[in-house]
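Side chains included, hydrogens not; waters and symmetry mates left out as well; all remaining heavy atoms used.
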Amino acid sequence: MIPARPTAKEFDFQRNYYTAHKKKVYSVGWNSLGNNLASASADGIIWLWNFDNLLKKDCEIKAHTEMVQQILWHPDNPSILASTSDDKSIKIWDIRTAQKEVKAEKTKSANMNIAWAPQGSTIAVGNKENEISFYDFRELRLLKSKKFTVEVNEMAWDTTGSLFFVTTGSEMSTGPIQVFDGMLNNTKELEVLECHRGKCMCIAVDPSGKYFATGASDALVALWDVYELITLRTFTKCEGIIFQLSFTFDGQYLATASEDHEVAIYDVATGDVVQAVNVESGQLSVKWHPKRYVAAFAGDDKSKSEESGVHILTMTKKE
């Protein structure tokens with residue numbers, strides 16, 4: 001069980017909105033220092049932002065010829081960013097260089113999701129043909145691939161790198177989470193975890209390494225014990241598909257991006273809803289800052305203006 005602790009204190013919330021993209025934003029992410037944010041869109045563009053309490057545009061990268069599905073920073077190197085796209089490519093970017101792009105690999109199918117191993121040496125990429133490919137980051141060299149018979153969605157390693165989780169689903173499936181050897185010595189699943197009554201769409205790992213959370217098309221968020229691989233509790237505030245989840249740096253709070261026109265923030269220990277942030281459309285991506293109670297989230301906000309952009313929510317404890 002989760003150790004008991006006081007319920008969430010009252011917070012003040014401040015939200016700002018920053019426009020940049022011509023189409024909906026599919027992915028946002030902070031680098032490991034939290035001084036840079038990246039946002040990626042259906043327009044094929046990645047925007048880099050500087051952050052110091054407020055966001056400021058740094059540069060625009062014409063990253064892909066089709067929509068950028070997901071971006072993810074290297075777990076330790078704050079200058080390295082990876083991206084996947086419908087244009088059948090994976091790219092690695094170094095924001096310190098003038099040209100930015102340093103590695104690119106063509107793939108046989110459009111790519112959806114990406115995950116870094118904790119040590120940063122291996123990248124996993126899931127494509128639209130329900131196959132996961134593992135690459136050596138240094139050379140972007142294919143190490144091995146695994147084909148699935150069900151829909152493959154988000155995936156993640158645990159904080160030690162010993163377990164690799166894959167969220168799955170099909171029209172007839174209850175959306176199991178498949179667990180594999182994180183060292184990739186064997187591609188046969190170690191465990192199959194059942195909880196959701198719909199397609200399991202996303203996963204987030206608590207930075208402390210104790211828990212992970214999954215979200216699904218059944219609008220349910222489940223919290224799991226990493227060591228026991230059992231469900232500890234479920235969060236039921238959402239009513240639509242859960243697209244992405246994110247833990248705060250200390251693992252105390254969990255945020256959702258979903259079809260709902262709100263971003264829900266939960267107290268992990270109690271299950272209480274700390275805040276439900278109203279937005280004008282469903283949100284596709286949410287990421288907490290690596291050191292502060294600051295969340296970035298984005299989705300289909302083009303109705304707000306001629307451009308889509310990124311919301312920044314600052315959560316401050318009241319005196």
Legend entry - Separation between OG of Ser39 and NE2 of His21, rounded to the nearest 0.5 Å: 3.0 Å
Legend entry - Heavy-atom side-chain contact between Leu140 and Lys103 under 4.5 Å: yes
Legend entry - Point-to-point distance, once rounded to the nearest 0.5 Å, from NZ of Lys23 to CD1 of Ile45: 10.5 Å
Inset, instruction - Indicate whether the side chain of Thr160 and that of Ser162 have a donor and an acceptor atom separated by less than 3.5 Å. - result: yes
Legend entry - Ser85 side chain vs Ser89 backbone, donor-acceptor pair below 3.5 Å: no
Legend entry - Exercise: identify the closest heavy-atom pair between Val274 and Met315: CG1-SD, 4.5 Å
Legend entry - Ser246 (side chain) donor-acceptor with Trp288 (main chain) under 3.5 angstrom: yes
Legend entry - More than 12 heavy atoms of other groups within 6.0 Å of Lys144 NZ: yes
Legend entry - Heavy-atom pair with the smallest gap, counting every atom of Gln283 and Val263: CG-CG2, 3.9 Å
Inset, instruction - Could you verify whether a donor N or O on one side chain and an acceptor N or O on the other, from Gln119 and Ser121, lie under 3.5 Å apart? - result: yes
Legend entry - Asp86 and Lys128 ion-paired at < 4.0 Å: yes
Legend entry - Non-hydrogen atoms of Ile46 and Ala40 that approach each other most closely: CG1-CB, 4.1 Å
Legend entry - Transitive ILVMFWY side-chain link Ile132 to Val192, under 4.5 Å: no
Legend entry - Joint cluster assignment, Ile312 & Leu54, ILVMFWY side-chain distance < 4.5 Å: yes
Inset, instruction - Return yes when atom NZ of Lys106 has more than 12 non-hydrogen atoms of other residues, nucleotides or ligands closer than 6.0 Å, and no otherwise. - result: yes
Inset, instruction - Would you indicate whether the side-chain heavy atoms of Phe235 and Leu223 approach each other to under 4.5 Å? - result: yes
Inset, instruction - Output yes when a side-chain donor or acceptor of Ser217 lies under 3.5 Å from a complementary backbone atom of Lys199, and no otherwise. - result: yes
Legend entry - Distance-only donor-acceptor check, side chains Trp93 and Ser83, under 3.5 Å: yes
Legend entry - Distance, nearest 0.5 Å, that separates CG of Leu81 from NZ of Lys100: 11.5 Å
Legend entry - Over 12 foreign heavy atoms within 6.0 Å of CD, Glu239: no
Legend entry - Test applied, side-chain hydrogen bond (donor to acceptor under 3.5 Å, both in side chains); reference residue, His64; option that passes from Asp43, Thr84, Asp87: Asp87
Legend entry - Distance, nearest 0.5 Å, that separates CZ of Phe11 from CG of Leu313: 11.0 Å
Legend entry - Single hit among Asn53, Asp12, Val294, Asn16 for side-chain contact (heavy atoms from CB on, under 4.5 Å) with Thr314: Val294
Inset, instruction - Working to the nearest 0.5 Å, report the span between CZ of Phe134 and CG of Leu143. - result: 9.0 Å
Legend entry - Gap between atom OH of Tyr18 and atom CG of Leu55 - 0.5 Å precision: 5.0 Å
Inset, instruction - Keeping the roles fixed (side chain from Thr256, backbone from Ala264), state whether a donor-acceptor pair exists under 3.5 Å. - result: yes
Inset, instruction - Give a yes or no on whether Lys88 atom NZ has more than 12 heavy-atom contacts from other residues, nucleotides or ligands under 6.0 Å away. - result: no
Inset, instruction - Ignoring hydrogens and angles, state whether a donor on the side chain of Trp224 or Thr214 is under 3.5 Å from an acceptor on the partner side chain. - result: yes
Legend entry - ILVMFWY cluster, Val226 and Leu232 together (side-chain gap under 4.5 Å): no
Inset, instruction - Give me the one residue out of Phe297, Phe249, Trp30, Tyr253 that meets ring pair (Phe, Tyr, Trp, His ring centres under 6.0 Å) with His289. - result: Trp30
Legend entry - Phe51/Asn35 under side chain to side chain contact (heavy atoms under 4.5 Å, CB included): CA gap, chis, key distance, verdict: CA-CA 5 Å; Phe51 179 74; Asn35 62 333; 5.8 Å; no
Inset, instruction - Would you mind checking if Lys237 and Glu262 are paired as a salt bridge, meaning a charged N to carboxylate O distance below 4.0 Å? - result: yes
Inset, instruction - List the steps, then state whether side chain to side chain contact (heavy atoms under 4.5 Å, CB included) holds for Glu189 with Val179. - result: CA-CA 6 Å; Glu189 69 267 14; Val179 186; over 6 Å; no
Legend entry - Check: Arg233 main-chain N/O paired with Thr231 side-chain donor or acceptor under 3.5 Å: no
Legend entry - Nearest atoms (heavy-atom pairs only) where Arg15 meets Val277: NE-CG1, 3.5 Å
Legend entry - Lys NZ or Arg CZ of Lys146 over Phe148 ring: under 6.0 Å, within 45°: yes
Inset, instruction - Would you check if Met155 and Phe164 make a side-chain contact, meaning some heavy-atom pair closer than 4.5 Å? - result: yes
Inset, instruction - Look at the side chain of Ser285 and the backbone N and O of Ser27, then say whether any donor-acceptor pair between them is shorter than 3.5 Å. - result: no
Legend entry - Member of Ile114, Asn113, Ile80 meeting the side-chain contact (heavy atoms from CB on, under 4.5 Å) criterion with Leu72: Ile114
Legend entry - Considering all heavy atoms, the nearest Ser32-Asn77 contact: OG-C, 4.1 Å
Inset, instruction - Ignoring hydrogens and angles, tell me if any N or O in the side chain of Asp218 forms a donor-acceptor pair with the backbone of Leu220 under 3.5 Å. - result: yes
Inset, instruction - State whether Trp47 and Lys57 meet the cation-pi test: NZ (Lys) or CZ (Arg) under 6.0 Å from the six-membered ring centroid, and within 45° of the perpendicular axis. - result: yes
Legend entry - Verdict with reasoning, Asn36 to Asn50, per side chain to side chain contact (heavy atoms under 4.5 Å, CB included): CA-CA 5 Å; Asn36 287 115; Asn50 295 319; 2.9 Å; yes
Inset, instruction - Could you tell me whether Tyr293 and Phe13 have their ring centroids closer than 6.0 angstrom? - result: no
Inset, instruction - Report the C-alpha separation of Ile177 and Thr168 in whole Å, then their side-chain angles, then the decisive distance to 0.1 Å, and conclude whether the side chain to side chain contact (heavy atoms under 4.5 Å, CB included) test is met. - result: CA-CA 6 Å; Ile177 300 99; Thr168 70; over 6 Å; no
Legend entry - Side-chain heavy atoms of Leu37 within contact of Trp73, under 4.5 Å: no
Legend entry - Beyond-backbone contact of Phe212 with Asp225, side-chain heavy atoms, under 4.5 angstrom: no
Legend entry - Phe137-His74 aromatic ring centre distance below 6.0 Å: yes
Inset, instruction - Answer with yes or no whether the hydrophobic clustering places Ile90 together with Val68; edges join I, L, V, M, F, W, Y residues whose side-chain heavy atoms lie under 4.5 Å apart. - result: no
Legend entry - Phe247 side chain reached by Val268 side chain, heavy atoms, under 4.5 Å: yes
Inset, instruction - Indicate yes or no for a side-chain donor-acceptor contact from Arg292 to the backbone of Gly34 under 3.5 Å, with no hydrogens or angles considered. - result: no
Legend entry - Close side-chain approach of Thr159 and Pro118, heavy atoms under 4.5 Å: no
Inset, instruction - Mark yes or no for whether Tyr17, through its side chain, and Gly309, through its backbone, hold a donor-acceptor pair below 3.5 Å. - result: yes
Inset, instruction - Ignoring hydrogens and angles, tell me if any N or O in the side chain of Lys62 forms a donor-acceptor pair with the backbone of Gly44 under 3.5 Å. - result: no
Legend entry - Nearest atoms (heavy-atom pairs only) where Gly240 meets Asp260: N-OD1, 2.7 Å
Legend entry - Salt bridge present between Lys108 and Glu131 (N-O < 4.0 angstrom): yes
